[in-house]
Amino acid sequence: MARANDRLPPKRVLVVGSGGREHALVRSLLRSPQLPDVLAAPGNAGIAKDRVPCLPLRGEDVKSIVRAAREERCDLVVVGPEAPLVGGLVDALAEERITAFGPSAAAARIEGSKAYAKELMRAVGVPTGGYEVVHGRDQAVCALAATAYPVVLKADVLAAGKGVLICRDEREAMAAIDSLFVKRRFGDTAVVIEQFLEGEELSLLALCDGERALPMAPARDYKRAFDGDAGPNTGGMGSYSPVRGIDADHAEVLARLVHQPILDELRRRGTPYHGVLYAGLMMTAEGPRVLEYNCRFGDPETQAVLPRLRSDLLDLLERSARPGGLAGATLEWSSDWAVTVVLASRGYPDSDSRGDPITGLGAIDSLDTEILHAGTAERDGRIVTAGGRVVNVTGFAPTPEQARERAYAGVERIRFSGRQLRRDIAAHAVDRVEA
Ligand code: GLY
């Protein structure tokens, strides 16, 4: 394909992060008609196999990332994970006049502090569950005395999805309080005690340019470790997109309810929001309620959403970085379904297993099945496990049944010692179609 303007050198884009989300971002950027040069830091073995140079730098190492972006003459830095965003990477890049996709540290606080997110929602009337913020064991015990069960306890820190504890009764709540305030599992933190909400979860991500929220295709993710939503919370064990019953008009209505008021308020407070604002929603019998906001693309939602995007991601990310830059932008989507299954390593989410050789990765990537790496590394010419979530397998098809079948057919070919996965990803989507 010819470049839009052959006299210009290709744009250079640095993707920061090492997960399946970042591999999905890299693939989507490589599909841009602008044919950018894409780099990653630190990337993973799959990103390297896509011939994308991987710089051995951690996202949290703000100084080194800024130096690399300057030295590599990057036109755009796309920050995947929350920790560098909350740690001020976008601010540090802005000081060097390097364009970055993602919110400032002040705006990213919406994910960094669950108590701050709740205060924002309350200030602008976004529907959410009732809550109380407690700062120690005694306050927590007092608040719990007046609560109904189940109840949700959230550590007021970044915890990679693992800081949310759902307690079914007083005994579980006391054990959670002990773990949070006595054993200090997440360090010195306040805790948000929150009403447990029932319904179907929905992940609605919106591209934001400081002024306007442009909703993306809806997705559903699976946060619990085991089938039937059992076991501990994880970063996410699978996802699918689209979601039946949430068409583009409905997504617009939801974005006006839960994204736009937050954007307006953050702008009013002098901390305009650029990047992706991810609303984790519970669709309750009383209507939608926000469970949480994240300041970044979801993982593994992105692995199911971005391959369905038919618009130029690079153009959209650049426009999001400019105040009001998304004016007039629209998003085009494939009508196919995408179902993503995560393969995790032994012990995840409590621990992970590294160095186990992975087989079967080679011949699966095709038009209807995509393999995206997460915790992988190359050792002596072999791909091995290098983290909790290891590989994502996405099936694409005109129906959720077929997309699911393709994803699980791909899963069967990939093996490593201690491999764990959920077998019920998107089963619900299939059931609903049949109903
Ligand atoms: N899938 C949940 C998250 O990205 O936080």
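Remember, predicted model here, so these are calculated numbers, not experimental data.
When all heavy atoms are compared, the tightest approach of A407 to V393 is O-CG1, 3.4 Å. Nearest heavy-atom pair across S241 and A217 is OG-CB, 3.9 Å.
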Q: Take L55 and E72 through the test side chain to side chain contact (heavy atoms under 4.5 Å, CB included) and record every step on the way to the result.
A: CA-CA 10 Å; L55 313 175; E72 296 286 348; 4.2 Å; yes
Q: Verify salt bridge (charged side-chain N to carboxylate O under 4.0 Å, His left out) between E401 and R404, making sure each step is shown before the conclusion.
A: CA-CA 5 Å; E401 292 95 326; R404 192 168 183 271; over 6 Å; no
Q: Decide side chain to side chain contact (heavy atoms under 4.5 Å, CB included) for T376 and F416; before the verdict, give the C-alpha distance in whole Å, the side-chain angles of both, and the deciding distance to 0.1 Å.
A: CA-CA 11 Å; T376 63; F416 52 90; over 6 Å; no
(Q) Let's go through R322 and E318 carefully: what are the C-alpha distance in whole Å and the side-chain angles of both, what is the deciding distance for salt bridge (charged side-chain N to carboxylate O under 4.0 Å, His left out) to 0.1 Å, and is it a yes or a no? (A) CA-CA 7 Å; R322 293 196 297 271; E318 286 185 314; 5.7 Å; no
Q) Which is it for Q34 and V13 under the side chain to side chain contact (heavy atoms under 4.5 Å, CB included) test, yes or no, and what are the steps along the way? A) CA-CA 11 Å; Q34 301 183 57; V13 184; over 6 Å; no
(Q) Checking V152 against Y131 for the side chain to side chain contact (heavy atoms under 4.5 Å, CB included) test, could you report, in this order, the C-alpha distance in whole Å, the side-chain angles of both residues, the deciding distance, and whether it holds? (A) CA-CA 9 Å; V152 184; Y131 74 101; over 6 Å; no
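Identified under the side-chain hydrogen bond (donor to acceptor under 3.5 Å, both in side chains) test for residues 167-177, with sequence neighbours left out: R168-E172. A salt bridge (Lys or Arg N to Asp or Glu O under 4.0 Å) check over residues 324-336, counting only residues at least two apart or in different chains, returns nothing. Sequence neighbours left out, the pairs with a member in residues 276-300 that pass salt bridge (Lys or Arg N to Asp or Glu O under 4.0 Å) are E82-R296, E111-R296, D299-R389. Evaluation of the salt bridge (Lys or Arg N to Asp or Glu O under 4.0 Å) test over residues 91-110, restricted to residues two or more places apart or in two chains, returns R70-E96. The salt bridge (Lys or Arg N to Asp or Glu O under 4.0 Å) pairs that include a residue from residues 137-148 number zero, where partners must be two or more places apart or lie in different chains.
Here CZ of R224 is found 9.0 Å from CZ of R422. Values are rounded to the nearest 0.5 Å. Taking CG of L89 as the start and NZ of K63 as the end, the distance is 13.5 Å to the nearest 0.5 Å. One distance of note links CG of L421 with OH of Y222; it measures 13.5 Å at 0.5 Å rounding. With rounding to the nearest 0.5 Å, the separation of CD1 in I262 from CG in L120 is 5.0 Å.
No donor-acceptor pair under 3.5 Å is formed between the side chain of R12 and the backbone N or O of C74.
R184 and D188 are joined by a salt bridge, as a carboxylate oxygen and a charged side-chain nitrogen come within less than 4.0 angstrom of each other. Note on E194 versus K114: no salt bridge recorded, every NZ/NE/NH1/NH2 to OD/OE distance being 4.0 Å or above.
Judged purely by distance below 3.5 Å, without hydrogens or angles, the side chains of T189 and D156 never pair a donor atom with an acceptor atom.
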Which donor-acceptor pairs under 3.5 Å do side chains of residues 38-47 form with protein atoms, sequence neighbours excluded?
residue	atom	partner	partner atom	Å
N44	OD1	G46	N	3.0
N44	OD1	I47	N	2.9
N44	ND2	S18	O	3.1
N44	ND2	H373	O	3.0
N44	ND2	A374	O	3.4

